[in-house]
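Below is one structure, written out as structure tokens; comments come after it.
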Amino acid sequence: MHYWLLKSEPFVFSWDNLVENEVESWEGVRNYQARNYLRSMRWGDQFFFYHSNEGLCIVGTGEIVEEAFDDPSCTDHPGRWSTVNVKPLMKFKTPISLSDIKAMPELKDMVLVNNTRLSVQPVTEFEWNYILKLGTF
DNA sequence: GCCAACGTTGGC
DNA sequence: GCCAACGTTGGC
């Protein structure tokens with residue numbers, strides 16, 4: 001099992017939208033590095049849901065329920081971009097903000113801190129457990 | 001609203 | 001294949 005972090009601007013697609021929809025195709029990723037991470041996701045992998053631009057916090061967790069397939073929102077380059085299906089798992093009791101994360105030396109190597117623009121990123125098992133503990137406290 | 005970081009495009 | 005110009009993301 002691997003862990004991930006998916007970013008979304010809440011005014012475009014929020015945690016509440018994910019809960020409403022139950023299953024969502026994570027479409028629209030147009031960055032090769034992010035796409036490659038999408039393609040390496042496996043059924044049952046889990047991810048943090050992060051609100052970017054507004055909120056700036058991890059608000060919950062979700063799970064990959066369908067491995068990568070062609071992104072239907074890309075019409076001009078068939079086969080170039082991929083998407084996965086995800087579902088919500090658990091809402092954090094305490095959202096973990098970016099400033100919280102930056103304040104913790106244990107989390108200084110997170111991609112979220114060091115590559116702010118990457119919208120799909122891996123999370124280590126240590127980082128996963130650490131943040132999960134804080135978020136569900 | 002600004003700007004840094006990063007990615008992409010296109011001329012050479 | 002390099003690099004300048006441009007566009008986008010996202011934190012502040």
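Just so you know, these numbers come straight off a predicted model, no measurement behind them.
Following rounding to the nearest Å, A:Asp100 (CG) and C:dG11 (P) show an atom-to-atom distance of 14 Å. Atoms CE (A:Met110) and P (C:dG11) sit 12 Å apart, rounded to a whole Å. The CD1-C1' distance, from A:Ile101 to C:dG10, rounds to 15 Å in whole Å. Rounded to whole Å, atom C1' of C:dT9 lies 16 Å from atom CG of A:Leu6. Here C:dT9 presents its P atom at 7 Å from CD of A:Glu9, a figure rounded to the nearest Å.
In this model, the phosphate group of C:dG11 is approached by a side-chain N or O of A:Tyr50 to a distance below 4.0 Å at OP1 or OP2. Applying the 4.0 Å criterion to OP1 and OP2 of C:dT9, one finds that A:Lys7 has every side-chain N and O outside that range.
A:Val23 belongs to a hydrophobic cluster whose remaining members, ordered by chain and number, are A:Val65; membership requires side-chain heavy atoms of ILVMFWY residues under 4.5 Å apart, directly or through intermediates. Residues near A:Trp43 contribute nothing to a hydrophobic cluster around it, because no ILVMFWY side-chain heavy atom sits closer than 4.5 Å to its side chain.
Put simply, the side chain of A:Asn129 gets close to the backbone of A:Glu125: a donor and an acceptor are under 3.5 Å apart. Side-chain N or O atoms of A:Gln121 include one that pairs as donor or acceptor with a backbone N or O of A:Leu112 at under 3.5 Å.
Ring centroid separation for the pair A:Phe69 and A:Trp81 does not come in under the 6.0 Å cut-off.
Counting only N and O atoms by type, the side chains of A:Asp16 and A:Ser14 include no donor and acceptor under 3.5 Å apart.
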- [ ] Test A:Leu118 against A:Asn31 for side chain to side chain contact (heavy atoms under 4.5 Å, CB included), laying out the working first.
- [x] CA-CA 8 Å; A:Leu118 190 60; A:Asn31 170 285; 3.7 Å; yes
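Between its two ends, the helix from B:dG1-C:dC12 to B:dC12-C:dG1 turns its axis by 10°, counting five pairs per end and rounding to 10 degrees.
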Nucleotides 3-5 of chain B: which of its N/O atoms have a protein N/O under 3.5 Å away?
residue: B:dA5; atom: N3; partner: A:Arg117; partner atom: NH1; Å: 3.2

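For A:Tyr3, the ring pair (Phe, Tyr, Trp, His ring centres under 6.0 Å) partners are A:Trp128, not counting sequence neighbours. Remark: A:His51 engages A:Phe49 in a ring pair (Phe, Tyr, Trp, His ring centres under 6.0 Å) (not counting sequence neighbours). Residues satisfying the salt bridge (Lys or Arg N to Asp or Glu O under 4.0 Å) test with A:Arg80, not counting sequence neighbours, are none.
Looking at residues 51-60 of chain A, you'll see A:Ser52, A:Asn53, A:Leu56 sit with a heavy atom under 4.0 Å from some atom of DNA chain C. Using a 4.0 Å cutoff on non-hydrogen atoms, no part of residues 25-38 of chain A comes near DNA chain C.
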Show me the donor-acceptor pairs, under 3.5 Å and distance only, between side chains in residues 130-137 of chain A and residues at least two apart or in other chains.
residue: A:Tyr130; atom: OH; partner: A:Glu106; partner atom: OE1; Å: 3.2
residue: A:Tyr130; atom: OH; partner: A:Glu106; partner atom: OE2; Å: 3.4
residue: A:Thr136; atom: OG1; partner: A:Leu132; partner atom: O; Å: 2.7

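Identified under the salt bridge (charged side-chain N to carboxylate O under 4.0 Å, His left out) test for residues 31-57 of chain A, with sequence neighbours left out: A:Arg42-A:Glu67. Sequence neighbours left out, the pairs with a member in residues 85-97 of chain A that pass side-chain hydrogen bond (donor to acceptor under 3.5 Å, both in side chains) are A:Ser25-A:Asn85, A:Ser97-A:Ser99, A:Ser97-A:Asp100.
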